[in-house]
Amino acid sequence: VQQFDAQGRLLGGFPVLKHASGIAVSRDGLVFVSSITQHRIDVHDASGKLVRRIGEEGAGEGEFDEPGGLLFAPDGTLLVAVQCNNRVQR
């Protein structure tokens, strides 16, 4: 993950999961990164420190089979496009 200012200057960055497939930043500045091959979402603070992991491989609630795009809804709910489960999870 790399962060740039409005003029395009690099401000910093940090390494994330292999095969990252989606990224979204919450209102409080947490960085959510999905991995299509590790079937989970890692949550980092602004400095890159891993603060928690969400999900595991599967087809149930809170489980992912190749999570892709991430988006925060206007109410702050994280939406996850799960490619092989053909669904969007909240």
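- Counting only distance, with no hydrogens or angles, the side chain of N85 and the backbone of D65 share a donor-acceptor pair below 3.5 Å.
- Using a 4.5 Å cut-off between side-chain heavy atoms of Ile, Leu, Val, Met, Phe, Trp and Tyr, V1 falls into a hydrophobic cluster with F14, V16, I23, V25, V31, V33.
- Take D5 and apply the salt bridge (charged side-chain N to carboxylate O under 4.0 Å, His left out) test, not counting sequence neighbours, and it matches R9.
- Although no hydrogens or angles enter the test, the distance criterion places no donor-acceptor pair under 3.5 Å between the side chain of T77 and the main chain of R90.
- In this view, K49 and D45, S47 satisfy the side chain to side chain contact (heavy atoms under 4.5 Å, CB included) rule, not counting sequence neighbours.
- Contact detail for G68 and S34: the closest heavy-atom pair is O-OG, 2.7 Å.
- Under the 4.5 angstrom side-chain criterion for Ile, Leu, Val, Met, Phe, Trp and Tyr, I36 has no cluster partners at all.
- Applying the salt bridge (Lys or Arg N to Asp or Glu O under 4.0 Å) test to pairs two or more places apart or on separate chains, none has a residue in residues 69-80.
- For N86, the side chain to side chain contact (heavy atoms under 4.5 Å, CB included) criterion is met by no residue, not counting sequence neighbours.
- The shortest distance between side-chain heavy atoms of L78 and I41 falls below 4.5 Å.
- S35 places no side-chain N or O within donor-acceptor distance of the main-chain N or O of R40, the cut-off being under 3.5 Å.
- In this structure A6 satisfies the side chain to side chain contact (heavy atoms under 4.5 Å, CB included) test with no other residue, sequence neighbours excluded.
- Side-chain N or O atoms of Q89 include none that pairs as donor or acceptor with a backbone N or O of E61 at under 3.5 Å.
- Rounded to the nearest 0.5 Å, atoms CG (L17) and OG1 (T37) are 8.0 Å apart.
- By the 4.5 Å heavy-atom criterion applied to side chains, H19 and Q38 are not counted as neighbours.
- The ring pair (Phe, Tyr, Trp, His ring centres under 6.0 Å) analysis of residues 52-86, with sequence neighbours excluded, yields the pairs F32-F72.
- Taking F4 as the reference, Q2, L10 meet the side chain to side chain contact (heavy atoms under 4.5 Å, CB included) condition, with sequence neighbours excluded.
- With sequence neighbours excluded, no residue forms a ring pair (Phe, Tyr, Trp, His ring centres under 6.0 Å) with H39.
- No side-chain donor-acceptor contact under 3.5 Å links S26 to the backbone of G76.
- The hydrophobic cluster around V88 extends to L71, L79, counting ILVMFWY residues whose side-chain heavy atoms fall within less than 4.5 Å of a member.
- Here salt bridge (Lys or Arg N to Asp or Glu O under 4.0 Å) pairs that include residues 50-60, with residues two or more places apart or in two chains, are D42-R53.
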